[in-house]
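The chains referred to below are lettered A, B, ... by the order of the sequence lines, with proteins before strands, and numbering in each begins at 1. Here the structure is a predicted model, which means the values were calculated and not measured. Side-chain atoms are counted along with the backbone in the values below, which use heavy atoms only and exclude waters and symmetry mates.
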There are 2 protein chains.
Amino acid sequence: MRLTVIGSTALDSIETPFGKKEDILGGSATYASLSASFFVPVNIISVVGTDFPKKYIRMFKKRDINTSGLEVKERRTFRWKAKYNYDLSYAETLGTELNVFEGFRPVIPPKVSPKDNLLLANIDPHLQSFIFHQIKPAGLVACDTMNLWIEHSKKELLKLLKKVDLFLLNDAEARQLSGENNLFEAARYIADKGTKMIVIKKGEHGALFFSKGLGFIVPAYLLETINDPTGAGDTFAGGMLGYLSSRRKITDRVLRKALVYGSIMASFAVERFSADGLLKTKSKDIKNRYEHFEKLTRF
Amino acid sequence: MRLTVIGSTALDSIETPFGKKEDILGGSATYASLSASFFVPVNIISVVGTDFPKKYIRMFKKRDINTSGLEVKERRTFRWKAKYNYDLSYAETLGTELNVFEGFRPVIPPKVSPKDNLLLANIDPHLQSFIFHQIKPAGLVACDTMNLWIEHSKKELLKLLKKVDLFLLNDAEARQLSGENNLFEAARYIADKGTKMIVIKKGEHGALFFSKGLGFIVPAYLLETINDPTGAGDTFAGGMLGYLSSRRKITDRVLRKALVYGSIMASFAVERFSADGLLKTKSKDIKNRYEHFEKLTRF
């Protein structure tokens, strides 16, 4: 089954203790689409400016990411500037330029079928909601978010939660959204809003899956080198949804494996700046790391 | 096989966001012995003052913890006062009274055989070292520590590390001891000092086991309620060593299961203040939680 991914495509300027890069490829749709494309063909729905390097669009196409929904507008590409200190779990936003995303209301291309699974990667919930209603999805719908939208668009986000099957967010966001410190309570709050399945991502500490209570605890793959945590959560969501879309039936076992694949894909993403970690990854690397992860966690 | 546990026996005054208790049962040897006693008979080697409630000594005896090495001296019991905020991973020490531990040099009782496994639970490395040389252990030797000793008795601790088979410490302590931020590097530093097996405990995020590189990642059992994290690490060490001592042979599989039991035992300890969580636990609870943990982590 194909996966449709909506979200941001960006040029990021990132500083971590391990380096500083300007105008590098970023955005939630970028990371999620690249991650998912290892498992299934992807449709990306997003927008870039005329300053967005053409080589990235060619790269998407080469990776079976359909770009008919990637609009190119006569303005600058969305930009995000951020800094991480040694605690790589938190990004300090230094600047956001919406640019092409201001008032962006995409036309859904014919290639996107309502039957495809849908990942509403992190972007303004108003836009997630608009696209949701344009597509009228019949497949599995997953939604990701971030602290900014919980702060400024909580109402819209909560409305959307009633309509999605799977909601992904990190531990700090789960606490922020629910007002609960305990993650069981936070998951209960979200489930009460209507989402059946919830993934709480804990960065370098793995992730928790809730569906009528806690169902699965997945640790993170421990890395020797982390250069840039940007996009880890988007990559997790893309890997998870990509794997789910590659299976005929979503069973308990398939869901568990999907979370492990999400964790594995995120581990590749953070090893290098921008999407370079994902772009260097081969299918064989994923298989090897998955098998190593099995060895590291079984008892 | 029996397990000998040396460490502190204390009266703690603890404040967490969930309550405040004074002069409650604590100490590394207390938590570790109680935890291990679910798996094997234990010898405790420690010291208390005449103000130490007799009911605790009776309780130890009832749980097959041999107290012939628990000296009672004409002074006050060791006291520790600490406070936790919502980040339960860090205890702020408000006061320490060594009392009976000043100059404590125990006589090893005949009941303690060099053949027993030995857990040098968290206490001054000079004392750990003294007892190590008194016992001349022939079994498995494990050692735990804390930030205070890394700061003030690093040289003595490093000398001891050459002689122990298994070293347990938490992530912050591993970074402090090694001067390395990355936990792989930290484990390599410790292995270079001579300890073959290393457990880096990550509190609510589980633990890592290293033996010639990373061998096992164990998540923590997620809890609905945590009241007092005091003794979690000691309980982990006691559970792990208790389980290892209950097995005839230490295989890779047994080591992995031992870490899971450590994690499970710690989960009981932190649910209540003092050792109340462990004291309320039945063998059946451990079996149930272990099975639940298997369900929560397999994929």
**Q** Going by an N to O cut-off under 4.0 Å, is there a salt bridge joining B:E294 and A:R298?
**A** no
**Q** Would the number of heavy atoms belonging to other residues, nucleotides or ligands and lying under 6.0 Å from NZ of A:K154 be above 12?
**A** yes
**Q** Quick one, B:I217 with A:Y221, criterion side chain to side chain contact (heavy atoms under 4.5 Å, CB included). Give me CA distance, side-chain angles, the key distance, then yes/no.
**A** CA-CA 9 Å; B:I217 302 174; A:Y221 184 84; 5.8 Å; no
**Q** Picking from A:H292, A:E185, A:R188, which has the most non-hydrogen pairs under 4.5 angstrom with chain B?
**A** A:R188
**Q** What part of A:F184 gets closer than 4.5 Å to chain B, counting heavy atoms only: side chain, backbone, both or neither?
**A** side chain
**Q** For A:L222 and B:F210, which heavy atoms make the closest approach, and how far apart are they?
**A** CD2-CZ, 4.2 Å
**Q** CZ of B:F299 to OH of A:Y261: how many Å apart, nearest 0.5 Å?
**A** 9.5 Å
**Q** Rounded to the nearest 0.5 Å, what separates atom CG in B:L214 from atom CG in A:L296?
**A** 5.0 Å
**Q** Need one label for A:V260: side chain, backbone, both or neither, based on atoms under 4.5 Å from any heavy atom in chain B.
**A** side chain
**Q** Pick whichever of B:F216, B:F293, B:Y86, B:F209 has the most heavy-atom pairs under 4.5 Å with chain A.
**A** B:F216
**Q** Tell me if the NZ atom of A:K20 is crowded by more than 12 foreign heavy atoms within 6.0 Å.
**A** no
**Q** Nearest 0.5 Å, please: how far is CG in B:N182 from OG1 in A:T225?
**A** 7.0 Å
**Q** Output the residues of residues 196-208 of chain B for which the shortest heavy-atom distance to chain A is under 4.5 Å, in residue-number order; output 'none' if no such residue exists.
**A** B:K202, B:E204, B:H205, B:L208
